[in-house]
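These notes are about the structure you will find just below.
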2 protein chains.
Amino acid sequence: MSKSQLTLTPVETAACCSPLMREPLSADQAERLAPLLKALADPVRLRLVSIVAASEGGEACVCDLNDAFDLSQPTISHHLKVLHEAGLLDRTKRGVWVYYGVRREVLADVAALIGGAA
Amino acid sequence: MSKSQLTLTPVETAACCSPLMREPLSADQAERLAPLLKALADPVRLRLVSIVAASEGGEACVCDLNDAFDLSQPTISHHLKVLHEAGLLDRTKRGVWVYYGVRREVLADVAALIGGAA
DNA sequence: TCCATATATTGATGAATGTCTATGTCCGAG
DNA sequence: CTCGGACATAGACATTCATCAATATATGGA
């Protein structure tokens, strides 16, 4: 149980136009998609993801992330945990530092489900 | 102040690949995107949006929506209000019935910001 | 005018969430 | 081995949220 995790059905990603708009999401699909959106639905976490994603190598050190906000270190740590547990961020420890990286496929899948091509 | 509402900057939508991944979201952008995601980040609301979107004409009557869930009518009404106030659903009253329709551009913009093309 | 039906609003309640301070854990330097 | 720095966890607190039952509002028909 690793991988994409949100592979709701093995179909949607391939579809051409707005998957969510062709046929209604099943209750099951909705229950699996919602936590991902919930994890993203916070200004701080959105910025965290975007900072990490925009970093070279798609990775950023927690120490850098802390500096980008006017929030306590535990608060940032908490948000990173939420994003990590949702499956949106990867976590790697290198020496004393911890690096978070974006799972682009997950993000892409979420986007595909939400908007498709419209 | 109507229209897309989430037009964070007049650029992102056009960009080719994962807007959110090229440069970090500003605090302002994040504050405007988060409420949209928050509105979507609920299983019931996700299904509501998808049912409406999949309906012919992109519209659905509240009476039909109520039947699709094992929830009280006020609860569905509440979720529809949340989606409407977030700017994701349009509301039209015809006779005794109320129809909700999806704002596809909004949904598409959100998707573009989140996932881009990756 | 009065009633039944469709939808919204109100108020209450328990659960979840974002933030903080304080403390714990792990690692490298000396 | 001990110390300092990087990060995580625990516990507390105020706020927000999803849900319901009860009630209000509005509209078309008799």
Side-chain angles (χ1 to χ4, degrees), chain A residues 25 27-28 30-52 55 59-101, chain B residues 25 27 30-52 55 59-102:
Chain A
L25 255 47
D28 246 39
E31 299 275 357
R32 264 173 293 171
L33 178 52
L36 290 171
L37 291 170
K38 195 166 259 178
L40 282 174
D42 178 278
V44 174
R45 290 199 290 266
L46 271 176
R47 289 181 63 201
L48 281 170
V49 169
S50 74
I51 292 175
V52 169
S55 302
E59 269 191 346
C61 172
V62 173
C63 53
D64 293 331
L65 296 173
N66 277 323
D67 295 345
F69 296 86
D70 240 13
L71 294 170
S72 70
Q73 173 264 318
T75 296
I76 299 298
S77 188
H78 162 70
H79 285 304
L80 289 170
K81 185 181 186 181
V82 170
L83 288 166
H84 175 59
E85 288 180 339
L88 288 161
L89 292 187
D90 271 332
R91 195 175 169 282
T92 316
K93 190 162 191 177
R94 279 205 285 275
V96 189
W97 296 280
V98 173
Y99 291 80
Y100 283 91
Chain B
L25 255 47
E31 299 275 357
R32 263 172 296 172
L33 178 54
L36 290 171
L37 291 170
K38 195 166 259 177
L40 282 174
D42 179 278
V44 175
R45 291 198 289 267
L46 272 176
R47 289 181 63 200
L48 280 171
V49 168
S50 75
I51 291 175
V52 169
S55 302
E59 268 190 347
C61 172
V62 174
C63 53
D64 293 331
L65 297 173
N66 277 324
D67 295 346
F69 296 86
D70 240 12
L71 294 170
S72 70
Q73 173 265 320
T75 296
I76 299 298
S77 187
H78 161 71
H79 285 304
L80 288 170
K81 185 181 187 181
V82 169
L83 289 166
H84 176 58
E85 288 181 339
L88 288 162
L89 291 188
D90 272 332
R91 196 176 168 281
T92 315
K93 189 162 191 176
R94 280 204 285 275
V96 188
W97 296 279
V98 174
Y99 291 80
Y100 282 91
V102 183

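Lettering follows sequence order; numbering is per chain, from 1.
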Backbone of B:Leu25 reached by a side-chain donor or acceptor of A:Ser50 within 3.5 Å: yes
Sugar-phosphate only, base, or nothing, as touched by B:Leu71 at under 4.0 Å among non-hydrogen atoms: sugar-phosphate
Touch class at under 4.0 angstrom, heavy-atom based, for B:His78 against every strand present: base
Nearest-Å distance for atom pair CD1/C1', residues B:Ile76 and C:dT9: 16 Å
B:Leu46 CG - D:dA18 P separation (whole Å): 12 Å
Phosphate contact (D:dA18 OP1 or OP2) by B:Thr75 side-chain N/O below 4.0 Å: no
Nucleotide nearest A:Val96 when distance is taken to its side chain, options C:dT19, C:dG18, D:dG5: D:dG5
Donor on one side chain, acceptor on other, B:His84 and B:Arg91, under 3.5 Å: no
From D:dA10, C:dA8, D:dA18, nucleotide with atom closest to A:Pro74 side chain: D:dA10
Integer-rounded Å distance: D:dT19 P and B:Asn66 CG: 13 Å
Given DNA chain D, 5'-ward residue of the pair B:Gln73 and B:Val82, judged by closest heavy atom: B:Val82
B:Arg94 side-chain N/O to D:dT27 phosphate OP1/OP2 under 4.0 Å: no
Euclidean distance, atom CG of residue B:Leu40 to atom P of D:dA18 [Å, nearest integer]: 12 Å
Sugar-phosphate, base or nothing in reach of A:Tyr100, heavy atoms under 4.0 Å: sugar-phosphate
Side-chain heavy-atom pair B:Trp97, B:Val62 within 4.5 angstrom cut-off: no
Whole angstrom value for the distance that separates P of D:dT16 from CG of B:Asp42: 18 Å
Side-chain heavy atoms of A:Asn66 within contact of A:Leu71, under 4.5 Å: no
Short side-chain N/O contact to C:dT19 OP1/OP2 from A:His79, under 4.0 Å: yes
Heavy-atom pair with the smallest gap, counting every atom of B:Leu36 and B:Leu88: O-CD1, 3.9 Å
Closest nucleotide among D:dC20, C:dA8, D:dA18 to the B:Ser72 side chain: D:dC20
B:Lys93 vs C:dT7: side-chain N/O to OP1/OP2 distance below 4.0 Å: no
Nearest-Å distance for atom pair CG/C1', residues B:Leu80 and D:dA18: 14 Å
Atom CG of A:Asp70 with >12 non-hydrogen neighbours under 6.0 angstrom: no
First encountered from the 5' end of DNA chain C, between A:Gly95 and A:Arg45: A:Arg45
A:Ser77 side chain near D:dC7 phosphate (N/O to OP1/OP2, under 4.0 Å): no
Length of the CD-C1' vector between B:Glu85 and D:dC17, whole Å: 14 Å
Nearest-angstrom distance from the residue atom CH2 of A:Trp97 to P of D:dG5: 13 Å
Contact under 4.0 Å: B:Arg91 side-chain N or O vs C:dT7 OP1/OP2: no
Nucleotide nearest B:Cys63 when distance is taken to its side chain, options C:dT7, C:dG28, C:dT9: C:dT7
Closest to side chain of B:Lys38, choosing from D:dG28, D:dC17, C:dT7: D:dC17
